[in-house]
Amino acid sequence: MKSLRGVLILAPVFLLGAGCAGPDENGRAQSIDQRSYRLGSIGAFAEMVGAGVKKLALSAPMDPAEMDALLQEAERIAGDHDVELYGETDFLVTDLFPSELTDGKQVLLIYRRGTLEEYRALKAEKLRLEESGQYQGAVRVEVARKFGHLLSYTDEKIDALLAEAG
């Protein structure tokens, strides 16, 4: 399937659960190994980014050892879809996602072209705003919205994530 036109993924992958595929034909739980699940998610997002459906996608947050164990295969997947990976060890935390999701974890950014620079610029903007005491209220929300747009989320999804964060 080459075209993903019309497909919009709204949920960040690291908010999805893993570990159980649901019941099999006999009603028993099926186990999914975590590595395969993670690589499958990376593959799906790499295809979406490569097809231009998403500008930036995120892997699930992982412990450094888990990231190291799958990085070589993730790089192969990225190459198959003509996208790039960046191992983020200091994830841009905004009001879109709770910081506890990424504390002490690493996230793979999946992107093409100048998107990494846009991500880094937004991260630098947030840091400048924090250092100047301006990262609050509408300014704080605007940074979260910019990040949501970088992730290709709709305004409705961004609003829902912000409402959920309180």
Side-chain angles (χ1 to χ4, degrees), residues 1-113 115-116 118-120 122-123 144 147-154 156-166:
M1 175 187 215
K2 284 291 184 188
S3 175
L4 294 175
R5 183 174 295 162
V7 174
L8 180 62
I9 302 300
L10 297 176
V13 73
F14 56 77
L15 295 181
L16 300 176
C20 183
D24 65 12
E25 65 277 353
N26 297 318
R28 293 180 300 229
Q30 299 180 57
S31 178
I32 300 174
D33 77 271
Q34 193 72 305
R35 183 176 193 276
S36 296
Y37 174 80
R38 300 274 198 235
L39 288 170
S41 295
I42 290 166
F45 278 111
E47 183 175 357
M48 286 187 279
V49 170
V53 176
K54 286 185 68 60
K55 190 170 188 173
L56 174 68
L58 309 171
S59 74
M62 294 175 248
D63 293 323
E66 184 181 6
M67 181 70 76
D68 289 346
L70 64 73
L71 192 54
Q72 184 175 1
E73 189 63 21
E75 288 171 343
R76 185 199 60 77
I77 291 167
D80 289 348
H81 295 286
D82 196 28
V83 299
E84 297 181 57
L85 300 177
Y86 177 76
E88 177 62 277
T89 58
D90 183 27
F91 185 69
L92 170 62
V93 175
T94 68
D95 291 338
L96 291 182
F97 312 114
S99 62
E100 301 82 51
L101 289 174
T102 57
D103 286 345
K105 307 262 175 135
Q106 297 178 2
V107 175
L108 279 179
L109 305 182
I110 305 164
Y111 63 94
R112 289 182 71 189
R113 296 182 203 65
T115 304
L116 182 59
E118 288 181 60
Y119 171 84
R120 287 178 170 159
L122 184 58
K123 216 172 140 177
F147 189 39
H149 288 135
L150 196 56
L151 290 164
S152 303
Y153 292 173
T154 64
E156 293 80 14
K157 181 60 180 180
I158 293 168
D159 290 343
L161 288 170
L162 291 171
E164 190 177 306

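For reference, positions follow the sequence shown, starting with 1.
- For the pair His81/Val49, no side-chain contact is recorded, criterion being any heavy-atom separation below 4.5 Å from C-beta on.
- For Ala78, the side chain to side chain contact (heavy atoms under 4.5 Å, CB included) partners at least two apart in sequence or on another chain are Val83, Leu85.
- Contact record, Arg38 with Ala60: NH1-CB, 3.1 Å, taken as the closest heavy-atom pair.
- Nearest approach of Arg113 to Glu84, heavy atoms of both residues: N-OE2, 4.4 Å.
- Distance check: Met48 CE to Lys54 NZ gives 6.5 Å after rounding to the nearest 0.5 Å.
- The side chain to side chain donor-acceptor pair (under 3.5 Å) test applied to Glu75 returns no partner, not counting sequence neighbours.
- Looking only at side-chain heavy atoms (C-beta outward), Phe147 and Leu56 come within less than 4.5 Å of each other.
- Minimum heavy-atom separation, Arg35 to Leu70: NH2-CA, 4.1 Å.
- Checked by atom type and distance alone, the side chain of Ser59 never pairs as donor or acceptor with a backbone atom of Ile42 at under 3.5 Å.
- In this structure, the side chain to side chain contact (heavy atoms under 4.5 Å, CB included) partners of Leu116, at least two apart in sequence or on a different chain, are Tyr86, Leu109, Tyr111, Tyr119, Arg120.
- For the atom pair CG (Leu162) and NZ (Lys157), the distance works out to 11.0 Å, reported to the nearest 0.5 Å.
- Scored by the salt bridge (Lys or Arg N to Asp or Glu O under 4.0 Å) test, Arg76 finds Glu73, Asp80 as partners (sequence neighbours excluded).
- Residues satisfying the salt bridge (Lys or Arg N to Asp or Glu O under 4.0 Å) test with Glu88, not counting sequence neighbours, are Lys123.
- Taking the side chain to side chain contact (heavy atoms under 4.5 Å, CB included) definition, one finds that Asp103 meets it with Ser99, sequence neighbours left out.
- Among residues two or more places apart in sequence or in another chain, the side chain to side chain contact (heavy atoms under 4.5 Å, CB included) test is passed with Lys105 by Pro61, Asp63.
- Separation of atoms CD (Gln34) and CG (Leu39) is listed at 10.5 Å; rounding is to 0.5 Å.
- Remark: Thr89 pairs with no residue by the side chain to side chain donor-acceptor pair (under 3.5 Å) rule, at least two apart or across chains.
- A search for salt bridge (Lys or Arg N to Asp or Glu O under 4.0 Å) contacts involving Asp68 returns nothing, not counting sequence neighbours.
- Once rounded to the nearest 0.5 Å, the distance linking OG1 of Thr102 with CE of Met62 reads 12.5 Å.
- In terms of heavy-atom proximity, Pro64 sits nearest to Gly104 at CD-O, 4.0 Å.
- By the 4.5 Å heavy-atom criterion applied to side chains, Leu58 and Phe91 are counted as neighbours.
- Listed here is the closest heavy atom pair of Ala74 and Leu108: CB-CD1, 3.9 Å.
- In this structure, Leu122 and Thr94 have side chains that are not in contact, with every pair of non-hydrogen atoms separated by 4.5 Å or more.
- Nearest heavy atom pair, residue Ala144 against residue Asp95, reads CB-N, 4.1 Å.
- Ring orientation note: the planes of Tyr153 and Phe97 are nearly perpendicular, at an angle over 60° on the 30°/60° scale.
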